[in-house]
There are 2 protein chains.
Amino acid sequence: MDRRRTEKNDETSAKERPTLKTLAFMTGLGVTTVSRALKDAPEIGAETRRRVQLVAKQIGYRPNRAGVRLRTGRTNVISLVLNTEREIMSFVSDIIYGVSEVLADTPYHLIVTPYSRSQDPLDPIRYLVETGSADGVIISRTQPNDARARYMLEHGIPFATHGRTDMGLVHPYHDFDNHAFAVEAVRRLAGMGRRKLALLTPPVGLTYHGHTVNGFADALSEVGATEIPFSTVSIDHSIEQIRTRTAQLMRRDVRPDGFVSSAAAATLALVAGIEDAGLKLGRDVDIVSKQSSDLLHLFRPELLIVNENFRLAGSELARSVLGWIGGAAPGSLQSLSVPGEVLAYKRSTD
Amino acid sequence: MDRRRTEKNDETSAKERPTLKTLAFMTGLGVTTVSRALKDAPEIGAETRRRVQLVAKQIGYRPNRAGVRLRTGRTNVISLVLNTEREIMSFVSDIIYGVSEVLADTPYHLIVTPYSRSQDPLDPIRYLVETGSADGVIISRTQPNDARARYMLEHGIPFATHGRTDMGLVHPYHDFDNHAFAVEAVRRLAGMGRRKLALLTPPVGLTYHGHTVNGFADALSEVGATEIPFSTVSIDHSIEQIRTRTAQLMRRDVRPDGFVSSAAAATLALVAGIEDAGLKLGRDVDIVSKQSSDLLHLFRPELLIVNENFRLAGSELARSVLGWIGGAAPGSLQSLSVPGEVLAYKRSTD
DNA sequence: TTGGCAATCTGTAACGTTTCAGTATATTGC
DNA sequence: GCAATATACTGAAACGTTACAGATTGCCAA
């Protein structure tokens, strides 16, 4: 048996969710007219339009998503594609909140599409496109030559990337200016007299790894400091790995007196490694670190900190996808977030 | 004009997504038969069934979600309802990952439904129920008398709560045994000779606030220690507030020599406040803290730590909702996670 | 032979929406 | 005064799925 009420079309029982048919019955109009009136179609009389919209508001009419989706193919869904194991935690929720904030004022729902263990990052994208499960997609962990971005461009589905690509293709993105971050960080360290600097890099292969490395190198030559290579780990490595490798590095004769770190959690490991080697932050070494939540200064007040706002990133990304869906030019939906100043929480004379 | 191909029903062009009609054409059967065959209905011949399923797999048939949803009312969606501003960050992403993990092997999608600024927590629930946007719901920040749980029970939508309620109503939940956590924490502190203990509580009003407070009180009388009241802040307060209030507390004549803290971020503030007052962790005070990601020991090795696994919570919650949707008894879908042992990272003789 | 029945399979309708191709009525041009 | 036209509205069809109520076939008992 059908799971719904058996009397077909009982407009009197107010219990069921109102549909266009309900509205048509109440206003004495046809469903077509009601449908058009609700979306302000020009061929509907002004008064009729107002009347329909009034009644719709009164009885709390909400278009049935399945109906719309089946008929039009529009899902009213934005998908955020996440790597289940690599994404650093706190930053994910900030992005989600940022995206939500923007979608809240729209008919769009946010669905989280995970991809896990050494799976092809293209898999979830293919799934979304093939099943038509979303009108727009947001991806992160963007690479210079990103198969996912290319695929989505080819298939004409609007998307935005967290981080830029470098394939000569134009698409919406939001990025933090990691080049500028690295430059400012090096300048700051140099200004404190640090001359032998090491960089704890972003994950190799991601676009912002290159940005950061380049900014670091550019600034090194600008200030005339030298680099102590530290490429055995990145912020994607485990806390333990970073810690032990750092300790090894710091026990060598030629060791850095300054670090630039691209993530807060990695910085914790970095400091631990430094202290394992018997050295002291603020005396033997200084560190400039990015962070996304305001906690690092509690960890060690000697840390020099630059904030990266992932909530903002989420909002920008959502706005970009919506803009593209809305017909804006992809090239006009790109934004770059400039790092704020380097923050110090402890006077150097303390 | 229709946005789709104009020739109606061209089974030859392999470009469009296959539907039941496509399968019916290819197998020479009727759509009804195909539909039934795919779901292993008994009145379909065994060979036909195999044949249909083979073809379906070959051409990569996937049921159209909108079609199913419109016809059956089933959305194949689970909604995770989140407070956009209060939820501690890292823990949210862990839950999401946990939920995703379980949903990955099912046809279910995960949608994140946020509610923000001093909004009624019931609003998003009402929205979900009224618009029929999900087959199941997961909520957190559960209260002893939780309007959301009551509402969902009344409206017959399956859900699971992160944390228990106390209304005499039965529903699926997953909870961490915070009573046991507080008990173990107090015992540990007492075992180290700490006699004047303070509790940095969970947010007042949430169920696990009560559990924690009770466990703390029970253990205090068990070990014969006394409580130093510290109820001006909870882990929901800002880092700065916790820090200053802690410093104030620690400057008083009668001050705690041991703390139990319900969250990692709050513990950072706690330690900062203690050190602001010129006291030293491990010497003047000891702290047992919960954490959800494995970082606190890097912050201060003197910290005593109990892990809470939010990823597990997410998985359990997802399993519970799916179980309820699948017809299991709500009472059989409740789980309690017992705290592991208190972890120490620095020998007391160090 | 015929009636009954089990085993398979099928057509139709409906879920709620939008688009297409109208229809009916009033208005204008000449 | 009459055709042409603009204005306001409407029914039918379709998107892909499932439930219901048949339809067809073969087989067996009487």
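By convention in this document, chain letters (A, B, ...) are assigned in the order of the sequence lines, proteins followed by strands, and residues within each chain are numbered from 1. Just so we're clear, the structure is a prediction, and the values are computed from it rather than from any experiment. Excluded from the calculations below are hydrogen atoms, water molecules and symmetry mates; all remaining heavy atoms, backbone and side chain alike, are included.
- Whole-Å rounding puts the A/R62 CZ to C/dT17 C1' distance at 17 Å.
- Among the heavy atoms of the strands lying under 4.0 Å from B/I44 are primed sugar atoms or P, OP1, OP2 only; no base atom is included.
- The nearest pair of heavy atoms linking B/A56 to B/L38 is CB-CD2, 3.8 Å.
- In this entry the distance linking CZ of A/R65 with P of C/dT18 reads 13 Å, nearest Å.
- Between the side chains of B/T142 and B/H162, no donor-acceptor pair of N or O atoms lies under 3.5 Å.
- Comparing C/dT18, D/dT17, C/dC15 by their nearest atom to the side chain of B/L70 picks out C/dC15.
- Here the side chain of B/L20 is nearest to one of C/dC9, D/dT17, C/dT18, namely D/dT17.
- Along DNA chain C, the nucleotide nearest B/V31 and the nucleotide nearest A/V68 are compared for position; the residue whose nucleotide lies closer to the 5' end is B/V31.
- Distances shown here put a side-chain N or O of A/S35 below 4.0 Å from the OP1 or OP2 atom of C/dT18.
- At a cut-off of 3.5 angstrom, the base of D/dA8 holds no donor-acceptor pair with the side chain of A/T33.
- Under 3.5 Å, the side chain of A/R71 and the base of C/dT17 form no donor-acceptor pair of N or O atoms.
- A donor-acceptor contact closer than 3.5 angstrom links the side chains of A/D40 and A/Q53.
- Following rounding to the nearest Å, A/N76 (CG) and C/dT17 (P) show an atom-to-atom distance of 13 Å.
- Contact annotation: B/T48 side-chain N/O to C/dC9 OP1/OP2 distance is under 4.0 Å.
- The separation between B/K21 atom NZ and D/dT18 atom P is 15 Å, rounded to whole Å.
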Take A/R50 and A/E47, measure what salt bridge (Lys or Arg N to Asp or Glu O under 4.0 Å) needs, and give me the verdict at the end. CA-CA 5 Å; A/R50 280 204 323 271; A/E47 195 202 305; 5.6 Å; no
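- Of the possible polar contacts, one joining the B/T27 side chain to the B/L23 backbone as a donor-acceptor pair under 3.5 Å is found.
- OP1 or OP2 of C/dT12 has not a single side-chain nitrogen or oxygen of B/T32 nearer than 4.0 Å.
- In this structure, B/G30 reaches the sugar-phosphate backbone alone: every heavy-atom distance under 4.0 Å involves primed, P, OP1 or OP2 atoms, never a base.
- In this structure, B/R69 atom CZ and C/dG16 atom P are separated by 13 Å, rounded to whole Å.
- At a threshold of 4.0 angstrom between heavy atoms, the contacts of B/T19 are confined to the sugar-phosphate backbone, with no base atom among them.
- If you measure from atom CD of A/E43 to atom P of C/dG22, you get 16 Å, rounded to the nearest angstrom.
- Going from atom CG of B/L29 over to atom P of C/dG11 covers 10 Å, rounded to whole Å.
- One interatomic measurement links the two molecules: CZ of A/R36 to C1' of D/dT7, which rounds to 13 Å at whole-angstrom precision.
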